[in-house]
Peer 1: 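The structure follows.
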Amino acid sequence: MKIEILGTGCAKCKTLYENTKKALEESGKSAELVKVEDIPSIMKYGVMSTPALVINGQVKFSGKVASPAEIAGILS
Amino acid sequence: MLKNFADYLVFTLIGLAPGSRSGDALNFFIYDTIKIFLLLTTIIFVVAIIRTSFPPEKTKRLLSRKREYVGNVLAALLGIVTPFCSCSAVPLFIGFVESGVPLGVTFSFLISSPMVNEVALIMLWGLFGWKIALIYIGTGLLVAILAGIVIGKLKMEKYVQDYVWEMQVGNADIVQLTFREKLDYARQYTRDLLKKIWPYVVVGVGLGAFIHGFVPQDFLADWAGRDNPFAVPVAVALGVPLYSNAAGVIPIVHALMEKGMAIGTVLAFMMAVTALSLPEAIILKNVLKNRLLLVFFGTVACAIVFVGYLFNAIL
């Protein structure tokens, strides 16, 4: 599984990255977690409000910081 | 009822004399803080629920290939309900222009969205009353529509950074939220926003209360009254560095108005605080060349100064 956090480096994007990391640790799932900060890659997904969470190339949500519990729900 | 509670607390329980400076200031502070936090909590929550129905992807679709005028009006209105954070300004801008939203229409949105925001409106309504809040919405929309039309007429497409036009933009599906998810989103949004702005509100209302109680009446009448033609432009210039602190600035301005600051000057100052921000300009520099950035700032600033003079003349 590949998880991408889209965001131009704002505080919210960092929080979402940390929350996702926590969700992965707590659920014991393994995944490749990457931060995507360059605009062309973000635009390729058509995302207009950051941060956004992408799993295996599919945008799960954008424009909000989900809690670790919420992310764990999306992961399973 | 709230007024009675504040009176009871300050004059009976704490025992300060009504009409004394410290008594009045504290009474003012307690009454205003409680009122504003009640308003903030309920209205931010309601606005957040409404916003879940207007994700930027949907707004983009509504605006693409719209003509000017109609497009500018629609963009300014959608700016109120579409959630916007200056940190997303770049992807939003690219998404808009790439999907065929005209440049001037995009600017109408970019101007209205931060300016006509719920925190500023709640603070205005709570402190100045609904009439001033409505005037603020109306003139804010007007500034956004007019400035967008002017930028559209100037045909400045070549002053958008070149790479923007070559960008490949994907099509994200609009995620439909269930009502339960909307409520969750709104609750989280309200909590996060309150957490961020509450210190500004408390400090702002506190300073406002101090000014209310301790600064002499008509203190500002000479400098910021309607007879000083420089008051409006100076207020706009002062508003730029105070970006995004509408929550803290509005209570202070409210107290200053009691001390003789003219209403047009007050409105212009508030609009400059919300609409013109240096951090946003730096972010927008990623997609705009200097000339367009200057035109954007200049047009909005001129429109705001005009609003200020207008209301100083008619109210």
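Each chain gets a letter, A, B and so on, in the order its sequence line appears, and its residues count up from 1.
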Peer 1: Where on B/Gln188 is there a heavy atom nearer than 4.5 Å to chain A: the side chain, the backbone, both, or neither?
Peer 2: side chain
Peer 1: Is A/Lys12 in contact with chain B via its backbone, its side chain, both, or neither, using a 4.5 Å heavy-atom distance?
Peer 2: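 A/Lys12 touches chain B through side-chain heavy atoms alone.
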Peer 1: Parallel, tilted or perpendicular: which describes the rings of B/Phe107 and B/Phe93, with under 30° parallel and over 60° perpendicular?
Peer 2: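 B/Phe107 and B/Phe93: perpendicular rings.
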Peer 1: Against chain B, label A/Glu70 side chain, backbone, both or neither, depending on which of its atoms sit under 4.5 Å from a heavy atom there.
Peer 2: side chain
Peer 1: Hey, which of A/Thr8, A/Val59, A/Thr50, A/Val65 has the most heavy atom pairs under 4.5 Å with chain B?
Peer 2: A/Thr50
Peer 1: Counting heavy atoms not belonging to B/Glu166, are there more than 12 under 6.0 Å from its CD?
Peer 2: yes
Peer 1: Is it true that atom NZ of B/Lys196 has more than 12 heavy atoms of other residues, nucleotides or ligands lying nearer than 6.0 Å?
Peer 2: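 For B/Lys196, atom NZ is not crowded (no more than 12 foreign heavy atoms under 6.0 Å).
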Peer 1: Can the positive tip of A/Lys21 be found less than 6.0 Å from the middle of the six-membered ring of A/Tyr17, inside 45° of the ring normal?
Peer 2: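 Verdict for A/Tyr17: no cation-pi partner in A/Lys21.
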